[in-house]
Peer 1: 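Have a look at this one before I ask anything.
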Amino acid sequence: MTDDTAADRLTELAKRRGFFFRSSEAYGGVSGFYVYGPEGATLKENLEDAWRDRFVRREGHMEIEAPNVMPEPVFEASGHLDGFDDMIVECPECGASHRADHIVEDNTDIEEAESIAITDIEEIVAENDVVCPSCGTELAGEPVEDFNLMFETTIGPGSSSPGYLRPETAQGIFVEFPRLKEYARGQLPFGVAQIGAAYRNEISPRKGLVRLREFAQAELEHFVDPETDDPDLESVADVEVTLYSEAQQDDEDGEPVELTVQEAVEAGVVGSDWVAYYLGVAQGWYERIGVDMDRFRFRQHRSGELAHYAADCWDAEADTSAPGADPDWIEITGFAYRGDYDLTKHGEYADDDFTIFKQYDDPITVERATVDPEMSYLGPEFGGDAAAVGEALEDLAERDRTAFDDDTVTVDVDGDEYAVPVEKTGFSIEEVTEAGEHVTPHVVEPSFGVDRLVYTVLAHTLERDDAGEDADEDRTVLTLPPELAPTTVAVFPLMDKDGLGERAGEVAERLRQAGFEVAEDASGSIGRRYRRQDEVGTPYCVTVDYDTLEDGTVTVRDRDTTAQARVPVDDLPGVVADLRAGETTIGDL
RNA sequence: GCGGCGAUGGUCUAGUGGUAGGACCUGAGCCUUCCAAGCUCAUGGCCCGGGUUCAAAUCCCGGUCGCCGCACCA
């Protein structure tokens, strides 16, 4: 079986049975936007619930829902307006597109070319005789096009207030940090989670659910004090993880290694205890939702591919190819230690306070150099620059109190030097008592791509076996964990006559009352109906037959083994619940 | 965005300058006492726009979408 047929089988099933399909096909379709059909929407919801259960509820974190649209200044602060902006230059000869900033960096001494204006980049390209990396044609004079990966919109009438669809859900959390820290009563650590849509106007999205322009993220921003907060590493110490470190990637013969979380931390393979902790937690969670852990690894980002905010980052990757085919690794989660980047940036750009006041165990007394400039002197002397000079003096006092040892002190304001007599600066050294300090929390961020997880789970649970009586006959079955299955139990009458259909309806209703997602089907042969449910991953099928009318028992059939057990209708809700929870199996009944 | 290839019922497909056929699925009926049985019937289709032509689903152009390669995926 080739890679193609595996993916094709999945997309065919997804379309036919309502898991996912391209949107707006009636109007020709649109690239990068998908619909979750009835089965897919429920599957995705169940997957998100499983995520909530593990990463919010069990961790004691909180969940919020922030808007999809946020105003421009948010993204100036976050760095997305610049950092998300690609400058593309096209080769007139071979037609290849290149990142203008990248080829400038490669051909000149310039670093961080990303932050240079487009017109300047065009000049630099011309002056340095930069050529096309693909074919060597001169690129001088070629236009450099701006391509921002964010969807832009306007807020309210007119264009004076630009807004953007968020390119990651994380900013919705960072921006609200001042209020969230109030909610957390100013105490670190605390975690804020969000499941929601994010938008990236990809140049060329492909591969269905794997690369979308609108996609769902489940993100956790865990705010910690880097000095005092430590993760509960012990709880995941023995979890085995497959790690593909940067060093192993750089080594030609490098292979991923299996280590316990504890070993990984001790050997320094994973630099951050926090990241290591979440790798351990996530490992167990992936297993729980049906990811095939033989086709899974954690891969460290190489230093070149680190995002603008990330200090260290590991991706969870799943291979969605068919066995035997070339591996097709897709990123399903990013684990980033974002440091204090985001909160610091928002603190600089926004009016609010993005720090936490950390109280000392005991107040401390420190000597502090302060100034109290005599503005009645500075004003007449320096005119409009007086205020700036005053601020410069304050900065200087904090930085270097020896500057005030002489009779005059000199400060620099925008390149101009100003000499001020020390006596006019109000310089003094005082003892002050400090109860604590403001610290900017660090952020640990596990960021899950929900759509890719849905895709991976489907790809890893879609199986074909020969459970049919006729050995030539393949059975298509999704071995979804019962927790995720869109339908938990299907109820069939063996025949749709002699009152069996009515009885089946009663049984189905009873299971619905008990809170289960129930399907009913009376059409076609019983075998056909089992197969229909197998295809959408329904773990249990209940069949009402003639014995049911006699003694009130039904058969329960297990999806994966096709084994059956006979159960009294009265016990059914409890039996299904136990089966779903894994507390019993069909064989035990 | 560029280049190559492609687009036919819900799905998978056959096919020709004279407006389409199959398989599966789905629905109805018959039959059937537990794993895609059988029979009868039915629903349903040539991506969009323009051009050439007596006639276009077929040929040409453009668009949209898909796949592959390049680039991109922070």
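Below, read A as the first sequence line, B as the second, and so on, with proteins coming before strands; counting in each chain starts at 1.
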Peer 1: Any side-chain N or O of A/Arg17 below 4.0 angstrom from OP1/OP2 of B/U11?
Peer 2: no
Peer 1: Between A/Arg557 and A/Asp534, is there a side-chain N and carboxylate O pair less than 4.0 Å apart?
Peer 2: yes
Peer 1: Could a donor-acceptor pair under 3.5 angstrom be found where the side chain of A/Glu12 meets the base of B/C12?
Peer 2: no
Peer 1: Looking only at side-chain atoms of A/Gln564, point me to the closest of B/C73, B/C34, B/U33.
Peer 2: B/C34
Peer 1: Expressed as a whole number of angstroms, how long is the span from A/Asp451:CG to B/C73:C1'?
Peer 2: 15 Å
Peer 1: Mind calculating the distance between CG (A/Asp545) and P (B/C35) to the nearest angstrom?
Peer 2: 12 Å
Peer 1: May I ask you to decide whether A/Arg297 forms a salt bridge with A/Glu317, counting only side-chain N to carboxylate O separations under 4.0 Å?
Peer 2: yes
Peer 1: How do A/Gly32 and A/Arg16 order along RNA chain B: which one's closest nucleotide is nearer the 5' end?
Peer 2: A/Arg16
Peer 1: Among the nucleotides B/A37, B/A36, B/C34, which one has an atom lying closest to any side-chain atom of A/Thr476?
Peer 2: B/A36
Peer 1: Just checking, any donor-acceptor pair under 3.5 angstrom between side chains of A/Tyr278 and A/His222?
Peer 2: yes
Peer 1: Between C1' on B/C35 and CE on A/Met495, what's the gap in Å once rounded to a whole number?
Peer 2: 13 Å
Peer 1: Say you pick atom C1' in B/G15 and the same atom in B/A57; how far apart are they, in whole Å?
Peer 2: 10 Å
Peer 1: Send over the distance from A/Leu10 CG to B/G66 P, rounded to a whole Å.
Peer 2: 17 Å
Peer 1: Looking only at the side chain of A/Arg206 (C-beta and beyond, no hydrogens), which of the listed nucleotides B/A36, B/C72, B/C2 gets closest?
Peer 2: B/C2
Peer 1: Across all strands shown, which nucleotide pairs with B/U11 by Watson-Crick or G-U wobble geometry, both distances under 3.5 Å?
Peer 2: B/A23
Peer 1: Whole angstroms only, please: what is the CZ-P distance between A/Phe20 and B/U11?
Peer 2: 14 Å
Peer 1: For nucleotides B/U40 and B/C47, find the distance between their P atoms and express it as a whole number of Å.
Peer 2: 31 Å
Peer 1: Does A/Arg531 pair with A/Glu535 as a salt bridge, N-O distance under 4.0 Å?
Peer 2: no
Peer 1: Let's test this: given Watson-Crick or G-U wobble pairing with both distances under 3.5 Å, identify the partner of B/G1.
Peer 2: B/C70
Peer 1: In whole angstrom, give the distance that lies between atom CG of A/Leu494 and atom P of B/C31.
Peer 2: 15 Å
Peer 1: Suppose we screen for side chain to side chain contact (heavy atoms under 4.5 Å, CB included). Which residues come up paired with A/Ala490, at least two apart in sequence or across chains?
Peer 2: A/Phe492, A/Ala519, A/Gln533, A/Thr538, A/Cys541
Peer 1: Report yes if a side-chain nitrogen or oxygen of A/Lys15 is closer than 4.0 Å to either non-bridging phosphate oxygen (OP1 or OP2) of B/C12; otherwise report no.
Peer 2: yes
Peer 1: P atom, B/G66 versus B/C25: distance in rounded Å?
Peer 2: 30 Å
Peer 1: With a 4.0 Å cut-off on heavy atoms, is A/Glu535 in touch with a base, just the backbone sugar-phosphate, or nothing at all?
Peer 2: base
Peer 1: Between the side-chain atoms of A/Arg529 and the base atoms of B/C35, is any donor-acceptor pair under 3.5 Å?
Peer 2: no
Peer 1: Among B/A36, B/A71, B/C34, which nucleotide sits nearest the side chain of A/Arg531?
Peer 2: B/A36
Peer 1: Heavy-atom nearest nucleotide on RNA chain B for A/Arg566 versus A/Gly208: which residue maps closer to 5'?
Peer 2: A/Arg566
Peer 1: Any side-chain N or O of A/Ser525 under 4.0 Å from OP1/OP2 of B/A36?
Peer 2: no
Peer 1: Ion pair present between A/Lys44 and A/Glu39, side-chain N to carboxylate O less than 4.0 angstrom?
Peer 2: no
Peer 1: Applying the Watson-Crick and G-U wobble criteria at under 3.5 Å, what pairs with B/G49? Answer none if nothing qualifies.
Peer 2: B/C61
Peer 1: What's the gap between B/G29 and B/G63 when it is taken at their C1' atoms, as a whole Å value?
Peer 2: 47 Å
Peer 1: With a 3.5 Å cut-off and no angle check, do the side chains of A/Thr543 and A/Asp545 form a donor-acceptor pair?
Peer 2: no
Peer 1: Rounding to an integer number of angstrom, what distance separates B/A56 and B/U8 when you compare their C1' atoms?
Peer 2: 15 Å
Peer 1: Say we look at B/U43 and B/C61: how far apart would their P atoms be, to the nearest angstrom?
Peer 2: 38 Å
Peer 1: Say you pick atom C1' in B/G45 and the same atom in B/A7; how far apart are they, in whole Å?
Peer 2: 13 Å
Peer 1: Do A/Thr555 and B/C34 share a donor-acceptor pair, side chain to base, under 3.5 Å?
Peer 2: yes
Peer 1: For A/Gln217 and B/C73, give me the distance from atom CD to atom C1', rounded to whole Å.
Peer 2: 13 Å
Peer 1: Using the P atom as the reference point in each nucleotide, state the distance between B/G44 and B/G9 in Å, no decimals.
Peer 2: 15 Å
Peer 1: Considering Watson-Crick and G-U wobble pairs with both distances under 3.5 Å, what does B/U40 pair with?
Peer 2: B/A28
Peer 1: Using OP1 and OP2 only, check whether a side-chain N or O of A/Arg528 sits under 4.0 Å from B/U26.
Peer 2: yes
Peer 1: Please report, rounded to the nearest Å, how far the C1' atom of B/G66 is from the CZ atom of A/Arg211.
Peer 2: 15 Å
Peer 1: Tell me whether the OP1 or OP2 atom of B/G66 has a side-chain N or O from A/Ser31 closer than 4.0 Å.
Peer 2: yes
Peer 1: Can A/Arg166 be said to sit on top of A/Tyr199's aromatic six-ring, NZ or CZ under 6.0 Å from centre and within 45° of the ring axis?
Peer 2: no
Peer 1: Under 3.5 Å, is there an N or O donor on one side and an acceptor on the other linking the side chain of A/Tyr27 and the base of B/C48?
Peer 2: no
